[in-house]
Amino acid sequence: MIKLVKPLLLIVGLLTIQKVNAQVNTLNEIKISNKSNLAFEEAIVEIPWGLIVQKWPKIDTSNFKVIAVNQKKELPFQLEHRGEKQIKKLLVRVSIPANSNLLISLQKGKAEKINYLTYARYVPERKDDFAWENDRGAFRMYGKALEDTKENAYGLDVWTKSTDRLVLNERYKNGTYHTDHGDGLDYYHVGFSLGAGNIVPFVNDTLWYSKNYRRFEILDNGPLRSTFRLYYDEWSVAGKPVKVIKTISLDAGSQLNRMEISYDFNGDNLPVAVGIIKRPEPGTILLDEKKAIMGYWEPQHGNDGIIGVGSVIPASVQVMKVDKQQLLSIGKASANQPYIYYTGAAWNKAGKITTSNDWFQYLQDFATKLEHPLEISSVALTKNTQKLK
């Protein structure tokens, strides 16, 4: 009996080693599919955190990295919270050619440090501005302190950028953002209009402007996506009370903001209009009701260059038109769900989008990608060299 102990121990040991090795050599993967005819370049893909926990239940959120298996490189990522303690999504920046797939895995280890490419903040030193930016451009909405001043404006403002650096803080600090110091400037005119794609109720052929936002809430602040909410006081729309909350997100690499507009009103539907101010001089206009794309390429503004402004509105478009002041896209907001659209701008002197054709093609491609988004699917266990514990 004693002679049999060592062989049995040896067999058990070998079985144990084989079992451990099997665990070490197996790793879940997630497939990201691009089924469109367009390449997704440095796009932000959203992976539900529930799927991550399902595949890697013991994940250490402070000690993992995302690997592109077939590209054999580490990918930048962000944990999205949407203002809550719990993680909602894993945001990963990917590049996937047309009609192609990308496999990603999560591995234990410190992720490479990435630069912040988005940022949002309240600006009390400039009359309650709320400003935000990414590596392509910057935007701002106006607050209560600006009301009853000569500077007051209603719409969405654009700050041009020719750098991928974050510049908001230094521009507000030096106070000379109407001058181009080599990385862009603020020369966009908003006034009493919707600016670069703001939204208001449109009842009885009238735009019903609210006062400026009253309260803000930052939900996530970079590095790949910044999201915040602006709260507005109730105001009268054709004699009926209306309230609105605007949740705005800006991704790294995107020219357009995601606008999630939640109206509170009596009734089932509320007519609304997204608008873009036009200039006295001739510009180039795109109104595509079928694809819900509204684009404007402004006239040259001296040495400042040209700004392209555009909105993609998959929520609801009934009619698009141009009045004396602005381009308008008119639809209906529901009382039961947010009205979601995308709006933003490009600057020819940034060097990426330099003509009206470039800009309108960007908007059309953006709309196509919304129709055919990247798809997420789980992949069976595959062999790999590491295991996330």
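Every heavy atom of this structure was used, including side-chain atoms; hydrogens, water molecules and symmetry mates were not.
In this structure, the ring of Tyr172 has its center less than 6.0 angstrom from the ring center of Tyr177. In summary, the aromatic rings of His178 and Tyr187 are positioned with their centroids too far apart to meet the 6.0 Å limit. For Phe77 and Phe64, the distance between ring centers is under 6.0 angstrom.
A side-chain donor-acceptor contact under 3.5 Å links Asn174 to the backbone of Thr176. Side chain of Asp135 to backbone of Ala252: no donor-acceptor contact under 3.5 angstrom is found. Side-chain atoms of Gln71 come within 3.5 Å of backbone atoms of Ser95 as a donor-acceptor pair (strictly under, hydrogens ignored). Between the side chain of Thr343 and the backbone N or O of Gly310 there is at least one donor-acceptor pair closer than 3.5 Å. Checked by atom type and distance alone, the side chain of Lys89 never pairs as donor or acceptor with a backbone atom of Gln78 at under 3.5 Å. In this structure, the side chain of Gln107 does not engage the main chain of Ile67 through any donor-acceptor pair within 3.5 Å. When atom types are taken as modelled, the side chain of Asp323 and the backbone of Gln325 share a donor-acceptor pair closer than 3.5 angstrom. Distance alone, capped at 3.5 Å, is enough to place a donor-acceptor pair between the Thr149 side chain and the Leu146 backbone. Side chain of Asp358 to main chain of Thr354: a donor-acceptor pair is present (N/O by atom type, distance under 3.5 Å, no hydrogens or angles). Looking at Asn257, its side chain never comes within 3.5 Å of a backbone N or O of Leu250 through a donor-acceptor pair.
Ring geometry, Phe366 versus Tyr362: the interplanar angle falls from 30° to 60°, so the pair is classed tilted.
Val274 has its side chain out of reach of Ile261: every pair of non-hydrogen atoms, C-beta onward, lies at least 4.5 Å apart. Within the 4.5 Å cutoff, side-chain heavy atoms of Tyr339 are placed close to those of Ile313. In this structure, Leu287 and Lys321 have side chains that are not in contact, with every pair of non-hydrogen atoms separated by 4.5 Å or more. For the pair Asp264 and Val242, the minimum side-chain heavy-atom distance is 4.5 Å or more. The shortest distance between side-chain heavy atoms of Met259 and Ile199 does not fall below 4.5 Å. A heavy-atom distance below 4.5 Å is not found between the side chains of His372 and Lys35. Counting heavy atoms from C-beta outward, His301 and Ile306 have side chains that stay 4.5 Å or more apart. Looking at Tyr188 and Trp159, their side chains never come closer than 4.5 Å, going by heavy atoms from C-beta outward.
Taking OG1 from Thr160 and NZ from Lys349, the interatomic distance works out to 8.5 Å, rounded to the nearest 0.5 Å. With values rounded to the nearest 0.5 angstrom, Arg229 atom CZ is found 9.5 Å from Ser249 atom OG.
In summary, Glu151 and Lys127 engage in a salt bridge, as defined by a charged side-chain N under 4.0 Å from a carboxylate O. One finds no salt bridge joining Arg93 and Glu41 here, because no Lys/Arg side-chain nitrogen approaches an Asp/Glu carboxylate oxygen to under 4.0 Å. Using a 4.0 Å cut-off between charged nitrogen and carboxylate oxygen, Lys88 and Glu80 do not count as a salt-bridge pair. Using a 4.0 Å cut-off between a side-chain N of Lys or Arg and a carboxylate O of Asp or Glu, Arg171 and Asp183 qualify as a salt bridge. Of the charged side-chain nitrogens involved, at least one lies within less than 4.0 Å of a carboxylate oxygen, so that Arg225 and Glu46 count as a salt-bridged pair. A salt bridge links Arg214 with Glu147: the closest approach of a Lys/Arg side-chain nitrogen to an acidic carboxylate oxygen falls below 4.0 angstrom. Checked for salt-bridge contact, Arg140 and Asp186 meet the test: a charged N lies under 4.0 Å from a carboxylate O.
Side-chain N/O atoms of Asn134 and Thr118 include no donor and acceptor closer than 3.5 Å. In summary, the side chains of Lys55 and Ser378 do present a donor paired with an acceptor at a separation below 3.5 Å, with no hydrogens or angles considered. Counted by atom type alone, Ser36 and Asn34 present one or more donor-acceptor pairs between their side chains at under 3.5 Å. Donor-acceptor pairing under 3.5 Å is recorded for the side chains of Glu217 and Tyr231. A side-chain donor-acceptor contact under 3.5 Å links Ser33 and Asn101. When only modelled atom types and interatomic distance are considered, Gln361 and Asp365 share a side-chain donor-acceptor pair under 3.5 Å. In this model, no donor atom of one side chain and acceptor atom of the other lie less than 3.5 Å apart for Arg121 and Asn221.
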Item to complete: Given salt bridge (charged side-chain N to carboxylate O under 4.0 Å, His left out), test Lys31 with Glu29 step by step and report yes or no.
Response: CA-CA 7 Å; Lys31 182 168 72 172; Glu29 294 174 353; over 6 Å; no
Item to complete: Just do the side chain to side chain contact (heavy atoms under 4.5 Å, CB included) check on Leu219 and Phe228 with the steps written out, would you?
Response: CA-CA 5 Å; Leu219 306 182; Phe228 59 93; 5.6 Å; no
Practice prompt. Might you work through the side chain to side chain contact (heavy atoms under 4.5 Å, CB included) test for Glu260 and Arg258, ending with a clear yes or no?
Written response: CA-CA 7 Å; Glu260 182 177 314; Arg258 183 182 187 274; 2.7 Å; yes
Worksheet entry | Verdict with supporting geometry, Ile52 and Leu106, side chain to side chain contact (heavy atoms under 4.5 Å, CB included) | CA-CA 9 Å; Ile52 299 297; Leu106 272 61; 3.8 Å; yes
Practice prompt. Could you go through the side chain to side chain contact (heavy atoms under 4.5 Å, CB included) check for Asn348 and Thr355 one step at a time?
Written response: CA-CA 7 Å; Asn348 71 324; Thr355 68; over 6 Å; no
Worksheet item: Run the salt bridge (charged side-chain N to carboxylate O under 4.0 Å, His left out) check on Glu298 and Arg279 step by step: do they pass?
Response: CA-CA 7 Å; Glu298 292 196 332; Arg279 307 307 174 196; 2.7 Å; yes
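There is a path of hydrophobic side-chain contacts, each under 4.5 Å, that joins Met141 to Phe139. Grouping the Ile, Leu, Val, Met, Phe, Trp and Tyr side chains by contacts below 4.5 angstrom, directly or via other members, places Val123 apart from Tyr142. Hydrophobic cluster membership is shared by Tyr213 and Val272, with clusters built from Ile, Leu, Val, Met, Phe, Trp and Tyr side chains linked at under 4.5 angstrom. A single hydrophobic cluster is not seen to contain both Leu328 and Ile277; linkage of ILVMFWY side chains at heavy-atom distances under 4.5 Å, directly or through other members, places them apart. Under the 4.5 Å side-chain heavy-atom criterion for grouping Ile, Leu, Val, Met, Phe, Trp and Tyr, Val244 is not connected to Tyr342 through any hydrophobic cluster.
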Could you list the donor-acceptor pairs under 3.5 angstrom formed by side chains in residues 190-198, with sequence neighbours left out?
{"unit_1": "Ser193", "atom_1": "OG", "unit_2": "Val190", "atom_2": "O", "d": "2.6"}
{"unit_1": "Ser193", "atom_1": "OG", "unit_2": "Gly195", "atom_2": "N", "d": "3.0"}
{"unit_1": "Asn198", "atom_1": "OD1", "unit_2": "Lys246", "atom_2": "NZ", "d": "2.8"}
{"unit_1": "Asn198", "atom_1": "ND2", "unit_2": "Tyr154", "atom_2": "O", "d": "3.1"}

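A ring-ring contact (aromatic ring centres under 6.0 Å, His included) check over residues 234-277, counting only residues at least two apart or in different chains, returns nothing.
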